[in-house]
Amino acid sequence: MVAPRPIPHHSASSLSRRSSHASGPRPITREEYSGDATPSLLSRAGSPVQPLANEKVLSRKSSFAGQHPGHAYLGGLGGLSGFSSLDSRRELRHGSFIGSVDCGTTSTRFIIFDEQAKIITEHQTEYPQILPHAGWHEQDPVDLIDSVREVINNAIEKLEWMGWHRDSVKGIGITNQRETTVAWSKSTGQPLCNAIVWDDTRTVTVVRQFEEKLEEEGIVVDGKKATGRDALVNITGIPLSTYFSAVKLRWMLDHHKDVAAAHERDDLLFGTVDSWFVYNLTGGVNGGIHVMDVTNASRTLLLELKTLTFHKGLLDFFGFRESILPKIVSSAEVYGEIAKSMESALTGVPIAGIAGDQQAALVGNKCFRRGEAKNTYGTGSFVLFNTGEEIVLSKNGLITTVGYQAGPNSPPVYALEGSIAVAGSAIKWLRDQVNLIQESSDMDMLAGSVPDTGGVYFVTAFAGLLAPYWDRSATGTLIGLTLYSTSAHIARATLEAMAYQSRAVLDVIENESGTKLEMLKVDGGVTNSDLAMQIQANIGGFKVCRPSMRESTALGAALLAGHALGLFGWDLNKPETLKDVNTADAYIFEPEIDAKVRRRMIQGWDRAVERARAWRDADNERELEEQEAEYEREEGL
Ligand SMILES: Nc1ncnc2c1ncn2[C@@H]1O[C@H](COP(=O)(O)OP(=O)(O)O)[C@@H](O)[C@H]1O
Ligand SMILES: O=P(O)(O)OC[C@H](O)CO
């Protein structure tokens, strides 16, 4: 049997184009962008055919390594130095573009867009993931900022190969994996420990302690004591969970001597990944600014949603000094310029937009109106539903977050969010840990070789379950296996797991908002899978709209920066000014199964979730505590 076929919205050819270029739009040639149909100066200089405009490079080496002996990549600005001689031989054009740094959980990319959001060029690099124990996930902050330097410099190298001067990039936006927590020293500018990544679950015991404290002591709100789960949710829109930054920072303070000592002597700076990037990009220890945008701040468990300020009662509750906190800024304003010390090809260029990656995707998908929703399927999967200027608190497992704030004087736009911890990471798990596939792109072939899962369900609760279940003791559960089950059934069940969880989140959104979702806008790495998107439409019972340019997250940060700089007439408060942005070749997946089948499948999923829940018991918790004790012994604490 053949896998369900997606239905082309505009033209069938868009599908074949996609299959030859796994993501992004069709390649854009230098001639198209320079308007130069005659042989280029580059080719006159005898250079090889330049890389495709949307080519992605996933290694730490530049795509140019080995391609052009005269300009071999030397790393950082060294690689660019080869261009000074090239510059002198030819005239580079001056255009008007906007750049976007997008640091996801697994990789960083820098994308240069034009005013219609066509990708001029980009560069992407993966950085190391540090997994010291089960459930622990760290990244070295130095690797993160190095990756930013690398992607910017390499993209600029490509841009100049294409005949554009680097001054064509008028500004940059930044978007980042959220909640990931960084601690560094005010006096040295150096990180004090590895960053704890958003999906790290080591803080289970911290969460338990603070749950008890919340019940017993509570938080001081307006001079009065408020206790229980709702006390926290009413202020921040989010519950106590291993997911958010405050508990990660608390863990660092309790387990890293250097962090605790820096806190003690008032030498500690805390930030999310955006803060760390802006600090370094604007000069680091030599005058770097310490900021956090409102969307990232809304993931810390410290932000009061209605005032957009850090809440004093919460600082006391978690035991943090106020002086460690960054200044909260809007998502669109000029924060500073890239400093010389960053050794960047974009020295002096303004940084003018910041948003957490899921909020950036909300903007990039142009969900500006109340009731519009998007789902981004990256490492995790995150549904955001615009609720306008109203703070809506969910009663059924969604969280409330800042969607974006288009400038210091603009009102914030809020969103309801359904956060699903595991999406693409389950595909990576099949690839790297189980060796079921060699590449993520093998999923369609394998999972599409069977018409259904043969009764197999895979509750991918590797990090517990987030929305709408919020069960930290759930674990990954493969159920319904028989001797008939094959790797194809498991692969298909993995794709279905994402769709069921998104459906569950959207059910809550529909019920709570009283709005029936007709169409879901999607983006992120997993949307490269046609089958995953068709399965989503089938299980969701709604249309799924995938834009042809799928870098909506990066685009969101670019739109915020462009808006702040007054570029291209973009005005986020007037969506009509963005009508020409990313409009080509959207692709619609229509539901292709009937409601009865859908209902039966969803019932099966709900039963599977019940089996996965509450699996981690007291013994497992004790194991975690022993693991922590071992860590403390190793650290000499
Ligand atoms: N063709 C594909 N089919 C299915 N999954 C894919 C495909 N290409 C990439 N992915 C998945 O997309 C994820 C990466 O998406 P991305 O949006 O870059 O994530 P992040 O921003 O979290 O780093 C990976 O987990 C990978 O498994
Ligand atoms: O890496 P992503 O794109 O899955 O995004 C991670 C989220 O920001 C975590 O909240």
Side-chain angles (χ1 to χ4, degrees), residues 18-19 21-24 56 58 101-109 111 122 124-127 129 137 139 144 147 175-181 196-200 238 241-245 248 272-274 295-296 298-300 355-362 364 374-384 399 401 417-433 436-448 460 462-463 466-467 491-492 494-495 498 522-536 546 550-554 556-557:
R18 262 190 313 275
S19 48
H21 300 289
S23 78
K56 288 186 176 168
L58 278 170
V101 174
D102 174 2
C103 173
T105 310
T106 54
S107 71
T108 304
R109 64 199 85 175
I111 302 184
E122 69 178 302
Q124 182 172 2
T125 189
E126 282 190 355
Y127 43 77
Q129 307 293 330
H137 186 179
Q139 288 163 358
L144 293 178
S147 75
T175 176
N176 57 287
Q177 47 169 311
R178 308 164 303 166
E179 301 95 16
T180 298
T181 301
I196 300 185
V197 179
W198 63 274
D199 58 359
D200 182 300
I238 53 183
S241 153
T242 58
Y243 183 20
F244 302 110
S245 308
K248 298 180 194 295
T272 40
V273 170
D274 58 319
T295 66
N296 279 291
S298 70
R299 321 296 297 186
T300 57
D357 55 6
Q358 303 310 322
Q359 284 90 337
L362 188 75
K374 69 90 205 178
N375 194 2
T376 303
Y377 306 76
T379 302
S381 161
F382 303 86
V383 178
L384 262 73
I399 59 178
T401 200
E417 172 174 322
S419 331
I420 297 159
V422 174
S425 52
I427 295 172
K428 279 195 144 192
W429 182 78
L430 291 182
R431 187 192 68 185
D432 301 338
Q433 318 284 93
L436 209 66
I437 48 170
Q438 291 202 322
E439 300 293 337
S440 301
S441 53
D442 296 340
M443 283 299 279
D444 274 20
M445 186 77 96
L446 182 60
T460 50
F462 295 115
L466 299 186
R492 199 171 177 106
T494 309
L495 297 183
M498 293 178 223
V522 300
D523 64 294
V526 180
T527 64
N528 288 316
S529 162
D530 289 337
L531 183 58
M533 294 302 98
Q534 186 56 54
I535 287 175
Q536 181 66 82
R546 179 178 67 185
R550 278 170 244 159
E551 300 288 359
S552 309
T553 301

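Being a predicted model, the structure only gives us computed values, none of them experimental. In listed order, ligands and their atoms are each counted from 1.
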Hits for salt bridge (charged side-chain N to carboxylate O under 4.0 Å, His left out) against Asp523, two or more places apart or cross-chain, chain-then-number order -> none
Tell me whether Arg178 forms a cation-pi arrangement with Tyr243, defined as NZ or CZ under 6.0 Å from the six-membered ring centre and within 45 degrees of its axis. no
Can you name the salt bridge (charged side-chain N to carboxylate O under 4.0 Å, His left out) partners of Glu179, sequence neighbours left out? Arg299
Does a side chain donor of either Ser245 or Thr300 reach within less than 3.5 Å of an acceptor in the other side chain? no
Atoms of ligand 1 less than 4.0 Å from Gly104 heavy atoms? 21 (O), 23 (O)
Per-atom contacts of ligand 1 with Gly524, taking only distances under 4.0 Å to non-hydrogen atoms: 17 (O)
Check for me whether Arg109 has a heavy atom closer than 4.0 Å to any atom of ligand 1. yes
Here the atoms of ligand 1 under 4.0 Å from any heavy atom belonging to Lys428 are 25 (O), 27 (O)
Please determine if Thr379 has a nitrogen or oxygen closer than 3.5 Å to a nitrogen or oxygen of ligand 1. yes
For ligand 1, find out whether one of its N or O atoms is nearer than 3.5 Å to an N or O atom of Ile427. no
Do Gln129 and Thr106 have side-chain heavy atoms sitting under 4.5 Å apart? yes
Pick one of side chain, backbone, both or neither for how Ser425 approaches ligand 1, counting any non-hydrogen atom pair under 4.0 Å. backbone
Numbered in order shown, the ligand 1 atoms found under 4.0 Å of a heavy atom of Thr106 are 20 (P), 23 (O)
Check ligand 1 against Gly424 and write out every atom of the ligand that is under 4.0 Å from a heavy-atom position of the residue. 25 (O), 27 (O)
Determine whether the side chains of Lys374 and Gln358 contain a donor N or O and an acceptor N or O closer than 3.5 Å. yes
Dump all N/O pairs between ligand 2 and the protein below 3.5 Å as a table: atom names plus distance, one pair per row.
{"from": "ligand 2", "atom 1": "1 (O)", "to": "Thr105", "atom 2": "N", "distance (Å)": "3.0"}
{"from": "ligand 2", "atom 1": "1 (O)", "to": "Thr105", "atom 2": "OG1", "distance (Å)": "2.4"}
{"from": "ligand 2", "atom 1": "3 (O)", "to": "Asp357", "atom 2": "OD2", "distance (Å)": "3.1"}
{"from": "ligand 2", "atom 1": "4 (O)", "to": "Thr379", "atom 2": "N", "distance (Å)": "3.1"}
{"from": "ligand 2", "atom 1": "4 (O)", "to": "Gly380", "atom 2": "N", "distance (Å)": "3.0"}
{"from": "ligand 2", "atom 1": "5 (O)", "to": "Asp357", "atom 2": "OD2", "distance (Å)": "2.8"}
{"from": "ligand 2", "atom 1": "5 (O)", "to": "Gln358", "atom 2": "NE2", "distance (Å)": "3.2"}
{"from": "ligand 2", "atom 1": "8 (O)", "to": "Arg178", "atom 2": "N", "distance (Å)": "3.1"}
{"from": "ligand 2", "atom 1": "8 (O)", "to": "Arg178", "atom 2": "NE", "distance (Å)": "3.0"}
{"from": "ligand 2", "atom 1": "8 (O)", "to": "Asp357", "atom 2": "OD1", "distance (Å)": "2.5"}
{"from": "ligand 2", "atom 1": "8 (O)", "to": "Asp357", "atom 2": "OD2", "distance (Å)": "3.4"}
{"from": "ligand 2", "atom 1": "10 (O)", "to": "Arg178", "atom 2": "NE", "distance (Å)": "3.2"}
{"from": "ligand 2", "atom 1": "10 (O)", "to": "Arg178", "atom 2": "NH2", "distance (Å)": "3.0"}
{"from": "ligand 2", "atom 1": "10 (O)", "to": "Glu179", "atom 2": "OE1", "distance (Å)": "2.6"}
{"from": "ligand 2", "atom 1": "10 (O)", "to": "Glu179", "atom 2": "OE2", "distance (Å)": "3.3"}
{"from": "ligand 2", "atom 1": "10 (O)", "to": "Tyr243", "atom 2": "OH", "distance (Å)": "2.8"}

Residues that Ala423 engages under side chain to side chain contact (heavy atoms under 4.5 Å, CB included), provided they are two or more places apart: Ser381, Met498
Under a 4.5 Å cut-off applied to non-hydrogen side-chain atoms, are Val101 and Thr175 in contact? no
Tyr127 side chain reached by Leu144 side chain, heavy atoms, under 4.5 Å: yes
Under 3.5 Å side-chain donor-acceptor pair for Glu417 and Ser419: yes
